[in-house]
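Take a look at the structure below.
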2 protein chains.
Amino acid sequence: MSSPVHPGTDRPRRLDARRNHDQILVIANAAIEQFGAEASLRDIARKAGIGLGTLYRHFPSREALIEALMRERLDTFSKRVRAARSLADPGAALEACILEYLAGVMVYKGIACSFMGAFQDPTSALHAACAAAQEQLDALLRMAQAAGQVRPDVSVKDLLALVNGLAWVFDQGTHAPEQRTILVQVVIAGLRFQRGPSPPAPDRLPGSSHAT
Amino acid sequence: MSSPVHPGTDRPRRLDARRNHDQILVIANAAIEQFGAEASLRDIARKAGIGLGTLYRHFPSREALIEALMRERLDTFSKRVRAARSLADPGAALEACILEYLAGVMVYKGIACSFMGAFQDPTSALHAACAAAQEQLDALLRMAQAAGQVRPDVSVKDLLALVNGLAWVFDQGTHAPEQRTILVQVVIAGLRFQRGPSPPAPDRLPGSSHAT
DNA sequence: ACCTGAACACCGTTCAAGT
DNA sequence: ACCTGAACACCGTTCAAGT
């Protein structure tokens, strides 16, 4: 996949430190890809061939490590949501962004949990990147609501909770990739603006008297 | 709350063993209520005043312990779903069962994850109780689908995944109890049968030209 | 300025030794 | 038939000592 080491993002100045920094990210990327967001930090340090304290020096918390691995992805996501605001159909644009968010959050298992924590906790190393994405999503959501395409009583917080909930479900391994679509469809359908009060429970649909 | 010790469910015959068994459940109930499904087993044994091996003897796995704490609730849930099948409106009955499931799974934090695992893993101590509930829900779901109230392309597996996803979201602490309703409503609305192909994206709803 | 690894306080799980 | 706790192999986090 794409390199987890990105230029110009808090990389140390001294050569040895920079090499350690980068090596940690390469190994952490592999480890978290394999074991999920709860991968052993000790193991990462070991495989990276550095001391455990060195890992903590570069990334003082697990969130800081995940942030370094996800920052670029989150930033481009935010930008793409911003761009999506100028599309003709905000409802369809929002739907596309939801799918994109899901694709992004699924790169590592267990990341949805980290994100949910980051949204709430302003002190989290992941907070800034998540808050930026949330802000853009909020603007797009309101557009879709103003256009009458999304029910007006959901907030971005609700939206992110539902989508992260889906990501968590996918992490559980109950649904193969082809089986996931229906779950996303249900949530998206539920977000859609519903005309009139909840349909008056049709006793039976026309032409469905069903076998005896 | 209600006593976690129930009569006639695999309780040992010898007096000392039975006392230990019951004491473990009392302490485990308190610990899992406080710390969630991942509460320290060592801590539970300590607080129960027994050896760690004794805990393992009575409950060979964390799932076995959770099963003992949840069995009665799960059993009565299954029975209530079964009874709900004879209600006039299967769609409303299913909705009520979903709310009841949510209420049940929320008694301990992190239980949704255990349940998702138990559904998949036939060797889990929790499997039987979960599978029984799933079976009843399946029957009720099919009735609601036959009545045209629920989209026909969702399975019980999908339904349980969505609902456990909601439970997981609630566990994250982003949504206070009053804020949870909207999330449940979105999912339930999404499950409803949708007439015609997805509404052709109304350019604007009648009477919503909105403040320039 | 940066690296190292021992030290501390925890885990879950197993199992030989007891009563 | 049942209980016990040491033993093992892990954690995350901190910090004195090094270069």
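Protein chains get the first letters and strands the later ones, always in sequence-line order, with residue 1 at the start of each.
In the model, A:Gln149 has a side-chain atom that pairs as donor or acceptor with a side-chain atom of A:Asp89 under 3.5 Å. Side-chain contact annotation: B:Ser78 with B:Asp75, donor-acceptor N/O pair under 3.5 Å absent. Between the side chains of B:Gln136 and B:Arg80, not a single donor N or O lies within less than 3.5 Å of an accepting N or O.
Contacts of B:Ala39 with the nucleic acid, taken as non-hydrogen atoms under 4.0 Å apart, involve only primed sugar atoms and P, OP1 or OP2. B:Ser40 comes within 4.0 angstrom of sugar-phosphate atoms only, judged by non-hydrogen atoms across all strands, and of no base. Heavy atoms of A:Arg18 sit nowhere under 4.0 angstrom from any nucleic acid atom.
Between the CG atom of B:Leu52 and the P atom of D:dC2 there is a distance of 18 Å, given to the nearest Å. Rounded to whole Å, the distance from CZ on B:Arg14 to C1' on C:dT19 is 8 Å. A straight line from OH of B:Tyr56 to C1' of D:dA1 spans 21 Å, rounded to a whole angstrom. Here the P atom of nucleotide C:dC2 and the CZ atom of A:Arg13 are 6 Å apart, to the nearest Å. As rounded to whole Å, 13 Å separates atom P of D:dG5 from atom CG of B:Leu55. In this structure, CG of B:Leu41 is placed 16 Å from P of C:dC10, rounded to the nearest angstrom. Residue B:Phe35 contributes atom CZ, which lies 14 Å from atom C1' of C:dC11 at whole-angstrom precision. What separates CZ of B:Arg57 from C1' of C:dT19 is a distance of 13 Å, to the nearest Å.
Partner assigned to C:dC3 is none, using Watson-Crick or G-U wobble distances below 3.5 angstrom. Shown here, C:dC11 forms no base pair; nothing in the strands shown gives a Watson-Crick or G-U wobble contact with both key distances under 3.5 Å. C:dA17 makes up no base pair with any nucleotide shown, lacking Watson-Crick or G-U wobble contacts both under 3.5 Å.
Side-chain N or O atoms of A:His175 include none that pairs as donor or acceptor with a backbone N or O of A:Phe170 at under 3.5 Å.
Toward the 5′ end of DNA chain D lies the nearest nucleotide of A:Asp43, the other residue of the pair A:Thr54 and A:Asp43 mapping further downstream. Each of B:Arg42 and B:Ile50 has a nearest nucleotide on DNA chain D; the 5'-most of these lies closest to B:Ile50.
Within the structure, every side-chain polar atom (N or O) of B:His21 is placed at least 4.0 Å from both OP1 and OP2 of D:dC2. One finds a side-chain N or O of B:Asn20 lying less than 4.0 angstrom from the OP1 or OP2 phosphate oxygen of D:dC3. An OP1 or OP2 oxygen of C:dC2 is reached within less than 4.0 angstrom by no side-chain nitrogen or oxygen of A:His58. One finds a side-chain N or O of B:Arg62 lying less than 4.0 angstrom from the OP1 or OP2 phosphate oxygen of C:dG12.
Using a cutoff of 4.0 Å between basic side-chain nitrogens and carboxylate oxygens, B:Arg18 and B:Asp22 are not scored as salt-bridged.
Side-chain proximity of A:Pro12 to the nucleotides C:dC2, D:dC2, C:dC11 is greatest for C:dC2.
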